[in-house]
Amino acid sequence: MRGKRFKFIYFSTSRSEVKEISLGIDKLAIGFLLAVAVVIAVTGIFLQLSTNFFQNVELSRLTRKNTELANMLSVMEHRVVDIEKKVLLVEKQDNDLRVFADLPKIDNDTRQLGVGGIDEKTFSSFAYSNDEKLEQAFKIKSLLSNLSQRMDLAYNSRQEIKDAYTKLNNDLAHMPSINPVPTGRIKSRFGYRTDPFTQKRRFHDGLDIAAARGTEIYAPASGRVESVRQRYSPGQGYGRYIVIDHGNGIKTRYAHLKNCLVKPGETVSRYALVATVGTSGRSTGPHLHYEVIVNGQPVNPLKYVFD
């Protein structure tokens, strides 16, 4: 086998010349191996170049995405900081409203209490990553959690303020704060005075407001008519009178009336027409005897008249 040779004959169609090559088996084997080696080498170089090309393309894509992510995180962080400034303003306004509603302020420690952040398990897995963008992302997450908790507290506070304001507004609506006879003149005040009938010193538990007979009398606050007295003994007691219950232990009485224009159980609002000035009962002339009663005790009505 070693002595055998292979002869290769080749010729050109354009010429009649014929050539031949004679190769031994050893040279043929070496040539074949060299050809295989060249093919392998070329294939390896091609694969390496292809791999480097695609790696560079992927690296370029990741670098671009990384830059976009960094820019996005930077914009988000600035927006979160702007939102925090607005939250601080909301919190300040919230405390101002709480003062107006007669509620205690919420201190900063309370507003920050219970703020969520990065849990230790999650943070520990990235603690040594040295990834600035990851750290920035967790910072934004912590800020958002902080703002969410504070806004929830501010929302609950606003509901509390609303409830307190509603109650305050209701209390004010039921507070007897106007003169029931705006055109009248106070001729006798609350406290000790000389009784016009006996000329003795006696405690007067209301205001006597002089006005012409038939002058209109208005409810000084919202309330419910508790009682109406139509029948009376001439020259005795309050004569015709009305009592209105305004709630919160406050009642008002209107005595010596000419006409009672409301009925027991009727609901009235401030400035509602309830009666007219008269001189019924124990009276020296047309006037309104007006009382404010708090928890069963008469008090000075002038303390409740604001206009």
Between N156 and D152, is there a donor-acceptor pair closer than 3.5 Å when you use the side chain of the first and the backbone of the second?
-> yes
Return yes if some donor-acceptor pair links the side-chain N/O of N248 with the main-chain N/O of I250 below 3.5 Å, else return no.
-> no
Other cluster members, L97 - Ile/Leu/Val/Met/Phe/Trp/Tyr, side-chain contacts below 4.5 Å = L103, I161
Rounding to 0.5 Å, atoms CG (L143) and OG (S148) come to a distance of 12.5 Å
May I ask you to test the R240-R229 pair for a side-chain heavy-atom distance under 4.5 Å?
-> no
Taking side chain as C-beta onward, heavy atoms only, is I242 less than 4.5 Å from R253?
-> no
Would you call D96 and K92 a salt bridge, using N to O less than 4.0 angstrom?
-> yes
4.5 Å side-chain heavy-atom contact, V305 and S177 | no
Donor + acceptor pair across side chains of Y254, T252 (<3.5 Å) = yes
Do you know the tightest heavy-atom contact between R282 and H256?
-> O-CE1, 3.2 Å
What are the two closest non-hydrogen atoms of S222 and S269, and how far apart are they?
-> OG-CA, 3.6 Å
Calculate, to the nearest 0.5 Å, the distance between atoms OH and CG belonging to Y218 and L261 respectively.
-> 10.5 Å
From CZ (F190) to OH (Y290), nearest 0.5 Å = 12.5 Å
Do NZ/NE/NH1/NH2 and the carboxylate oxygens of K251 and E291 come within less than 4.0 Å?
-> no
Checking S280 side chain against L257 main chain: does a donor-acceptor pair fall under 3.5 Å?
-> yes
To the nearest 0.5 Å, how far apart are CE in M151 and CD in E91?
-> 8.5 Å
Lys/Arg-Asp/Glu bridge criterion (N-O < 4.0 Å) met for R224, E266 = no
Compare all side-chain heavy atoms of V274 with those of V262 and state whether any distance is below 4.5 angstrom.
-> yes
Do R98 and S157 have a side chain donor and acceptor closer than 3.5 Å?
-> yes
Please check if the side chain of N259 supplies one atom and the backbone of G214 the other of a donor-acceptor pair under 3.5 Å.
-> no
Check whether I106 and L88 end up in the same hydrophobic cluster, where Ile, Leu, Val, Met, Phe, Trp and Tyr are linked by side-chain heavy atoms less than 4.5 Å apart.
-> no
Minimal non-hydrogen separation, A211 against G184, with atom names | CB-CA, 4.2 Å
D163/K167 ion pair, N-O < 4.0 Å = no
Minimal non-hydrogen separation, T284 against K187, with atom names = OG1-NZ, 3.7 Å
Which heavy atom of M175 sits nearest a heavy atom of R270, and at what distance?
-> O-NH2, 2.6 Å
Within a strict 4.5 Å, meaning less than it, do heavy atoms of the H287 and R185 side chains meet?
-> no
How about I244 and E226: do any of their side-chain heavy atoms sit closer than 4.5 Å?
-> no
Heavy-atom closest pair (V268 atom, V225 atom, distance to 0.1 Å) is CG1-CG2, 4.1 Å
Heavy-atom check, side chain of V80 versus side chain of L147, under 4.5 Å | yes
Rounded to the nearest 0.5 Å, how far apart are CG of N300 and CZ of R189?
-> 8.5 Å
Decide yes or no for V81 and K85: does some side-chain heavy atom of the first lie under 4.5 Å from some side-chain heavy atom of the second?
-> yes
Here the gap from N179 atom CG to L207 atom CG, rounded to the nearest 0.5 Å, amounts to 8.0 Å
